[in-house]
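Encoded as structure tokens, the structure appears first; notes follow it.
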Amino acid sequence: MFLVGCTFQTKHRGYVFPENLEEQVKNIKTTTQLEETIGSPQVKTVYGDDVWIYYGADENYRGPLPLEYDNKTVLLAWVNGSKVKDIKVLYDKDLPKVMISEDETQIPAAIELNALEELFNNIGRFSPAGLGQ
């Protein structure tokens, strides 16, 4: 007999947007209205235009299969002080496919040590247990 243990589970990540999201946000003119309707943004941009970003997606676990996301929704609100200049809602079909690299990001001026160098580099750095130093 062949028995396979699989789990099918969906978890929502981020904001749970209402069904009629575009209808609810089309008349928003102030940041106060935006916060009352959607809530505080997950991210506010630091550089360039002041943009408030809201994101929500379903995270699907399907046993041994890779993790998948669907029903992705991004709400972008361009803000100027307390006024909302523009709002754009993006869904799965509007979002680009982003491939995450398995490589590590290089850190400028980082010192690369092999395992032996790491071992000898740490000698004397730690105090023996129980000495309270």
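What you are looking at is a predicted structure, and each value in this text was computed from that prediction instead of being measured.
Closest heavy-atom contact between Thr31 and Gly81: CG2-O, 3.9 Å. In plain terms, the two heavy atoms of Lys29 and Lys26 that are nearest each other are NZ-O, 4.3 Å. Across every non-hydrogen atom of His12 and Ala57, the tightest pair is ND1-O, 3.4 Å. Closest approach of Leu34 to Ile28, counting heavy atoms only: N-CG2, 3.8 Å. When every heavy atom of Ile87 is checked against every heavy atom of Val25, the shortest pair comes out as CD1-O, 3.7 Å.
Cluster annotation: Leu90 and Val43 are assigned to the same hydrophobic cluster (Ile/Leu/Val/Met/Phe/Trp/Tyr, side-chain heavy-atom contacts under 4.5 Å, transitive).
Interatomic distance, Tyr54 OH to Thr73 OG1, rounded to the nearest 0.5 Å: 14.5 Å. In this structure, CD in Gln9 is found 10.0 Å from CG in Asn60, a value given to the nearest 0.5 Å. Remark: Tyr55 OH to Leu75 CG distance equals 13.5 Å, nearest 0.5 Å.
Residue pairs that meet the side chain to side chain donor-acceptor pair (under 3.5 Å) test with at least one member in residues 85-95, sequence neighbours left out, are Glu22-Tyr91, Lys72-Asp92.
Under the rule for a salt bridge (charged side-chain N to carboxylate O under 4.0 Å, His left out), Glu19 has no partner lying at least two apart in sequence or in another chain.
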- Message: Determine whether Asp50 and Thr45 satisfy the following criterion, side-chain contact (heavy atoms from CB on, under 4.5 Å), listing intermediate values before the conclusion.
- Response: CA-CA 6 Å; Asp50 194 9; Thr45 55; 4.3 Å; yes
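Put simply, the side chain of Asp49 never gets that close to the backbone of Val51: no donor and acceptor are under 3.5 Å apart.
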